[in-house]
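I have placed the structure first, in the form of structure tokens, so that the comments after it can refer back to it.
Order of the sequence lines sets the chain letters (A, B, ...), proteins ahead of strands, with each chain counted from 1. For clarity, every value in this text was computed on a predicted model and none was experimentally measured.
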Amino acid sequence: MPLSTDETGPQWRRRTAREDVLSWFGWATGLAVVGGCFFLISEKTIWEFVWSAPREAADLGARMVPPDWSYSSQLWRPLWDTFNIATLGTGLALVISVPVAFCAARNTTPSTAIARPLALFVIASSRSINSLIWALLLVVIVGPGVFAGVLAIALRSIGFCGKLLYEAIEEIDVPPVEAVTATGASSGQVLTYGVVPQVMTAFAGISVFRWDINIRESTILGLVGAGGIGLQLSASINNLDWSRVAVILLAILGTVIVSEWLSAKVRGALS
Amino acid sequence: MTDHVSDGLVEPSQRTWAPPRLIPNARLRWFIALAIGLYLAAAFGTLDINWERVAEGWPRAQRFFSGFVPPDFLSRQGAILDGLLESLWMTAAATALGVLLSIPIAIGGARNASPLPIYMACRAVMALSRTFHEVLIAIFFVKLFGFGPFAGMATLTLATVGFYAKLLAEDIEAIDRSQAEAIRSTGASWLQWLDYAIRPQVRPRAIGLAVYRLDINFRESAIIGIVGAGGIGATLNTAFDRYEFDTAAAILLIIIVIVMAAEYASGAIRRRVQ
Amino acid sequence: MPTLSINDLTKRYATGDLAIDQVSLVIPEGQVMALIGPSGAGKSTLIRCVNRLVEPTSGDVLLGDQNITKLGARKLRRARRHIGMIFQEYALVERLTVMENVLSGRLGYVGFWASWLRRFPKQDISDAFTLLDRVGLADMVDKRADELSGGQRQRVGIARALIQNPDLLLVDEPTASLDPKTSRQIMRLITELCRERNLTAVVNIHDVPLAKLFAERVVGLQAGQIVFDGSPEGLSPDVLTRIYGEEDWLATAETGNADMPESEPGVVEADRSL
């Protein structure tokens, strides 16, 4: 207790002396760890490059202006592809993640011995591999192009959507489900009348949320050959064609802003 | 016993009922269905799937993955360890720096704590640092700062600001107003108000978010290495470039294990704090 | 101790709602005044205009010879520390301890660093102990505020207001979320303390019997205007109808009154506060 009494009356401090020491020790350790990390990073850094960064940035900026506007007419197709990668990938992921989520949720899984661990494994492995790495692998397997991108986005999103959805399913209200069961409904009917209505909003929210993330992700898949505007970007960077890079960045900026605006609208309508 | 309440009382066909539709306007409903159909047709039409190439996929995948087994942890042991450590440094430093930078931006970007011009400026910073994917930012930082973990740290710091400041600002905006009002009514200054009314209310979530971001930053550090920003991703990229698929498999396995462990740990910590 | 005078005070919200319409009141030193009226009559707005948690549109608030409505930010904070406030939902900072909550009443007097490090002057600490003794919470000092019951929380709220050593006490529905017995205890405590310290107090209260029991003077507010000002004895059914609207004011719960929850404003208000 931080309370004590001395000759002048009762004393109060926020922490006991012991807690004080522990708290200072904690902060000091944290600081030392972070400081050590900075030191180790700086060991591996060529500081001349870092100091010249502002000049480099100014130089890059100068090369980007004016943007090569004529190039923008060639960007519609890659943008369309980017949009498709995100949208179809999200759609595919949703179709797969719904049964996975129902298998993974404790209250709806058909069997806790086989289906649940299996579903959780699918979710965990999908989540722990980034879509860029998925794309890297898929380009080798199905060949470069939009299809690899769609699959990469879908494979990464299954885990994301599956996890959020099964958490939503586990958080539903129990009494309505009991009420539907009490009418003598079959387990399929319990699902459609008791569970599905309760998770519909969550499901819609999750889809839009992931779609918004996927738009951002699909802009970079082209870097490893999986279609979309990233292809043009990496080509232009490799050719040091900075005025084109500027146009591409602006296009990406526009796409991301539009998608964010759209998803905010939809989410606003949902809640 | 009959199965219906109204058996023998009312002709069953007299009244009908159909469930209300999500979109009540029939014309709009058809229009949306048509639009979705058209979009899907157009999207699949332009997908350009080379089915021959996809059909080859299976044998290719087999060959590809046979290169993966058995994963080789040992021959590039040193490089893997180096990459891992680098990733960890980047993650820790970027999270700490990012959170530190985020706190003033979050306070500035909370409408109930800051005047409008500052609010707009801080919100703009958040939006800008969230627009581009980490990998794109990493490409540019590698150009500016040179290859290596510094560029990676800078990238992750920026990404952390976009994420952390936004969520923290939303959290500050969602605090209990009456507690804030009570502290204000005692004559507290703005800083005291932050300390007594805001900090206690947002602290648990702020810690939770920081731990969560630490977890995300480690994942991202594995990716941005592919474009030269240091860390385990760089090691992975080198392995792919040298066609050392067994080493790549080992690295992927390590990443997966660490990511899962980190996620489990961060989940446990967040549950305890909140 | 100074007198509180309110002159022609008007508040129109940005939404266009006229909450207070040219209210003038003089509350002499040491008087405990109850402010009654239906929900939305402007009671909360009126007392928040006094310490400018809500910025009045026009009119003046004078505490002694100081015109509070004309003060700049720094001077306003100085004025606020002499005005204690007690809130409806207690408005304790839930994650701070009882002691920290009470000491937060001193924020207007101590510098930022002292408050940041929780190093309050000895006198403040000993005052806090005295007050916690007085409100009967001496052994709760290091409990977190969210561990307390409603009545205990309101006692902490009272101690927080009194440690400011205020000239004026603003009390906003102190009993709205308390059971009948605790309500009486809290109201008794507040009025006792006001008498002990010769404090001027404005008490918003929806519970008419409680107001009659504890206040020396009652002011009725209806749609932002004063419709009654007098001693509690003057609250005849006629007057209550003028304040709250038509209702059988002599009926008690036993004689039956099916629509009571709809027309008894106190009940409605209490529900909203949940």
Among C/A79, C/G108, C/S115, who wins on heavy-atom pairs under 4.5 Å with chain B? C/S115
State plainly whether the residues C/D127 and C/R134 are in salt-bridge range, i.e. N to O under 4.0 Å. no
Just so I understand: if I count every heavy-atom pair under 4.5 Å between each of C/R48, C/R118, C/E100 and chain B, which residue has the most? C/R118
Checking C/F112 against chain B: side chain, backbone, both or neither under 4.5 Å from a heavy atom? both
If you count heavy-atom pairs within less than 4.5 Å of chain B, which of C/I83, C/V93, C/N101, C/L96 leads? C/V93
Out of B/G187, B/P200, B/S189, which one racks up the most heavy-atom pairs below 4.5 Å with chain C? B/G187
Could you look at C/R78 and say if it's the side chain, the backbone, both or neither that has a heavy atom under 4.5 Å from chain B? neither
Is it the case that the side chains of B/T91 and B/N217 hold a donor-acceptor pair, with the cut-off being a distance below 3.5 Å and no angle test? no
C/H206 NE2 to C/L35 CG distance, which is reported to the nearest 0.5 Å: 13.5 Å
Non-hydrogen atoms of chain B under 4.5 Å away: do they reach the side chain of C/R160, the backbone, both or neither? side chain
For C/A159 and C/L132, work out which heavy atoms get closest and say how close. CB-CD2, 4.5 Å
Among the listed options B/Q201, B/R203, B/R199, the residue most often paired with chain C at heavy-atom distances under 4.5 Å: B/R199
Need one label for C/L53: side chain, backbone, both or neither, based on atoms under 4.5 Å from any heavy atom in chain B. both
Does the distance from a Lys or Arg side-chain N to an Asp or Glu carboxylate O, for C/D60 and C/K70, drop under 4.0 Å? yes
Heavy-atom nearest pair, B/W190 first then B/A113, reads NE1-O, 3.0 Å
Verify side chain to side chain donor-acceptor pair (under 3.5 Å) between C/Y13 and C/T45, making sure each step is shown before the conclusion. CA-CA 10 Å; C/Y13 282 105; C/T45 307; 3.0 Å; yes
